[in-house]
Amino acid sequence: MKVSAHRAFRLLKELAFVRVSASKEERLAAERLMQEAMEAADEVRIEEFPVWCGKVTHQKLVVTNPYYKEYEVTGYECAASTPESGIDGEFYYAEGLQAAHLDRMKDKIIMINGRLRRADYEKIQKVGVKAILTFSGSTIDRVNETDCDIRKIREMLFEPFGDQVALNMRAADAAEIVRRGAKTMHIELKSEKYEDMSANVCAVIEGTEKKDEIISFGAHYDSVHFSTGVYDNMSGSVILMELLKYFSEHRPRRTMKFNWYGSEEQGLLGSKAWVKAHEDELDKHVLMINVDVAAPTLGQNIAPTLATEKAVGYVDALMREAGFACDVKMDIYSSDCIPFADKGVPAVNFCRFGAPGANYIHDRRDNLKSNYIDEKALDITLQQVLFFAGRVDGASVFPIEKKISDEIKKKVDEYLFKEKKA
Ligand SMILES: [Zn+2]
């Protein structure tokens, strides 16, 4: 049996729907992946894990002075609610969180640029504000062609720094509010937090010779709101399925584990849960191979590697040997490789990024209608991973040392917001 990008793309088309963390669509995709994996793997199961979810039932923002206008907003999931009658406050545009802005923000309804990052949230919470506004998209977006993004205050924000009222709006509206000199506004938000279940799909092919050396494959199958995530990351998910099928017939020397992770888009929750639940076997995992984004027709291949310079040299040499164009570099990658590297398991990511103008990620344009991904391009990454996996598995002695460089360790610690050791 050979791998087939055509077959992979057919499965991708079948699963080209929005698959947000813990939704019934995410579970539907998990079940379909499990069904497909069952035909090939020695063992397949769904492993559930709890995630924080949010439900927003009411949201409102009205500028009340010096003009009166209501704007479309979406309340942050897992945010604090306002009293039913809402809150009124002075508006302040804190374009950055420098001291000069922090000094003027207290007790105001503030708007910031960009995403609500953890370090910003910490600063804002320390100052104490009435509410946080963010904006998304671009000021030239057409309303009927874009969405007012739904965002979430993640647990790594609210657990250490507390709850807060937060709303997201469109960039064009944010610009209008600032331009027209909004002084006061009225905000209402009803947002609820609750725990629900997300799931990983886990398949195993037992090795014929070195059962106790495990090569761990990963790809996340969830998507963000409004996005069918065909590029990010059903493409990687179906590539993994082809590898599973291939190795079920061409039995590997080492044990191979294939994990399709849920809730990656919410902060790598699936892989974090998996690593935690399987901590006692991690000493057997010799390498994690992650596939996150593939298939853009116009694009380029990269392989961020979380290991050592030696490993990077080895991966690069293999790509050259096979005549594959792929930029192998030592770096972290914001995906499910992180929890593995954090536990000392080296990881290689295979990705094909869309070229500028063909790289739709985390919005409604990541869909088949955008006509920017295709099976021929998907085959590029499929062939690269297949070749690489076959070579490392076929080696007498595992060619990648189980070691992570200090540079990568430091980046992983920062990524995971670990406290710096004194
Ligand atoms: Zn992704």
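Every number for a ligand or one of its atoms is a count from 1 in the order of the listing.
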Colleague: What's the atom name of the N, O or S in D232 nearest to the Zn ion (ligand 1)?
Modeller: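 Going through the N, O and S atoms of D232 one by one, OD1 ends up nearest to the Zn ion (ligand 1).
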
Colleague: Do N367 and Y360 have side-chain N/O donor and acceptor atoms under 3.5 Å apart?
Modeller: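 The criterion, which ignores hydrogens and geometry beyond distance, is not satisfied for Y360 and N367.
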
Colleague: For S335 and D292, test the side chains for any donor-to-acceptor distance below 3.5 angstrom and give the result as yes or no.
Modeller: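 Looking only at side-chain atoms, D292 and S335 do form a donor-acceptor pair, the distance falling under 3.5 Å.
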
Colleague: Roughly, to 10 degrees, what angle do D292 atom OD1 and H220 atom NE2 form around the Zn ion (ligand 1)?
Modeller: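 Seen from the Zn ion (ligand 1), OD1 and NE2 are separated by roughly 90°.
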
Colleague: Looking at the Zn ion (ligand 1), is one of the N, O or S atoms of E265 less than 2.8 Å from it?
Modeller: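 No, since none of the N, O or S atoms of E265 sits under 2.8 Å from the Zn ion (ligand 1).
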
Colleague: Hey, which of F388, F350, F387 is the one that makes ring pair (Phe, Tyr, Trp, His ring centres under 6.0 Å) with F324?
Modeller: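 That would be F387.
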
Colleague: Would you say W260's side chain and C202's backbone share a donor-acceptor pair under 3.5 angstrom?
Modeller: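 Absent.
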
